[in-house]
Every structure is written in C-alpha cells, then in structure tokens.
Amino acid sequence: MSHSTAPPRKILVVHGPNLNLLGRREPEIYGRTTLEQINRGLVEHGARLGIAVEAFQSNHEGQIVDRIQQAAGGCDGLIINAAAYTHTSIAIRDALAMLEVPVIEVHLSNIHKREEFRQASLMAAVVTGQIVGLGASGYRLALQAIAEMLPAPMAVA
Ligand code: DQA
C-alpha cells in the first residue's frame with residue numbers, strides 16, 4: 001500500500017513598511033540580516049516542518065490589508081511584522097481580527113523599551129501571541145510556535 005502525504009500546510013509571512021531595507025536600515029537596532037535571508041530561512045525551516053511558507057512585503061497599508069484578506073481561508077497561520085503600522089493601523093488590526101488561524105506578531109526590536117509611541121501595538125489584542133526583541137530569530141520561533149499549534153498533517157492513502 002502506498003501512502004502520499006496531505007498537501008503541506010501554508011503560512012503567510014507579512015512584512016510591513018521599510019522592512020524591505022533590513023540589513024541596511026538602522027542595523028544597530030534591526031540587525032544585519034536582510035529580508036531575503038529571513039524569508040529564505042523561513043522557507044527552509046518550513047520545509048523541514050512540512051509547512052509551505054510564503055512571504056509578502058509592502059510599504060502600503062491597503063496592500064497589506066488586501067493580502068491579509070486574501071489569506072483568510074487560504075492559509076493555516078500568519079506571521080506579521082506590521083512595522084510602523086503596528087502603532088497606527090486600525091485597518092490592519094481589523095483585517096487580522098477576521099482570521100480564524102493562529103497569528104503571531106513579531107518585532108525585531110523590543111518595542112517595549114523604545115520610544116513611547118512604539119510601546120503600544122494596535123495588533124496585540126487580536127493576535128495569538130507576540131515575539132519581540134529577538135531579532136531575526138523571532139520569525140523562526142514564530143513559525144515553530146505555529147507549527148506546534150497546528151494539527152499534524154494527516155497521511156492520505
Ligand atoms: C519594528 C518596530 C516598529 O516600531 C518599527 O516601526 C519598525 C520595525 C520591529 O520589528 O522592531 O519598522 O516593527
């Protein structure tokens with residue numbers, strides 16, 4: 001009897017404004033790892049976990065809302081660093097609130113020990129959990145956490 005595995009579970013990673021410049025942007029705060037390196041690491045780690053990882057970055061609030069809406073129903077979990085929109089965007093928060101899958105908010109820096117305007121996250125009350133201050137590792141830990149929350153993929157005959 002031959003067994004194939006069920007289609008891989010899917011996780012969407014959403015990166016907000018200015019994160020396209022990671023590696024060059026204020027490296028003393030955000031580190032030297034580029035967004036491409038972060039995304040590549042997530043795809044590779046996802047493959048080990050049986051999870052397909054898709055990454056999306058935009059500097060535009062409405063495009064982020066559109067992508068989150070598209071994800072509803074089409075993915076098993078979402079990781080988001082909404083960057084500056086974390087502190088301002090009710091629209092992104094409302095889009096996240098509609099999702100019925102685990103959502104992890106990630107920040108490279110520890111927003112709680114920075115300027116006062118960064119300490120509040122409009123996303124916090126609608127996400128499953130937050131990982132802050134652990135740099136690029138935070139994304140991998142978020143992926144690991146979502147993988148542990150999802151039911152194991154069923155083998156299909
Ligand atoms: C950030 C923190 C935000 O305050 C900031 O606007 C960012 C990055 C972080 O990952 O630490 O762009 O989300």
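Both ligands and their constituent atoms are indexed starting at 1 by order of listing.
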Regarding ligand 1, does Leu19 bring an N or O atom to under 3.5 Å of one of the ligand's N or O atoms?
no
For Lys10, does its backbone N or O pair with a side-chain atom of Asp76 as donor and acceptor, under 3.5 Å?
yes
Is it true that Arg40 and Glu44 have a side-chain N and a carboxylate O under 4.0 angstrom from each other?
no
With a heavy-atom distance limit of 4.0 Å, tell me whether Arg25 approaches ligand 1 through its side chain, its backbone, both, or neither.
side chain
Distance to 0.1 Å, residue and atom name: give those for the protein heavy atom nearest to atom 8 (C) of ligand 1.
Tyr30 CE2, 3.5 Å
Compare every heavy atom of Leu122 with every heavy atom of Ser89, then report the nearest pair and how far apart it is.
N-CD1, 3.5 Å
For ligand 1, which atoms have a heavy atom of His87 less than 4.0 angstrom away?
3 (C), 4 (O)
Looking only at heavy atoms, is any part of Asn81 under 4.0 Å from ligand 1, and if so is it the side chain, the backbone, or both, or is it neither?
side chain
Got the closest protein heavy atom to atom 2 (C) of ligand 1, with its distance?
Ile111 CG2, 3.8 Å
Answer yes or no: is there an ion pair linking Glu105 with Arg93, defined by an N-O contact shorter than 4.0 Å?
no
Heavy-atom count around Glu115 CD within 6.0 Å, excluding the residue itself: above 12?
yes
N/O separation below 3.5 Å, Leu108 to ligand 1:
yes
Under a 4.0 Å heavy-atom limit, does His107 contact ligand 1 with its side chain, its backbone, both, or neither?
both
Looking only at N/O atoms, are Ser109 and ligand 1 under 3.5 Å apart anywhere?
yes
Between Val106, Thr86, Ile104, Ile92, which is the residue that forms a side chain to side chain contact (heavy atoms under 4.5 Å, CB included) with Ile80?
Ile92
Of all heavy-atom pairs between Gly46 and Leu143, which one has the smallest distance, and what is that distance?
N-CD2, 3.7 Å
Among all protein non-hydrogen atoms, which one is nearest to atom 5 (C) of ligand 1, and what is the separation to 0.1 Å?
Arg118 NH1, 3.3 Å
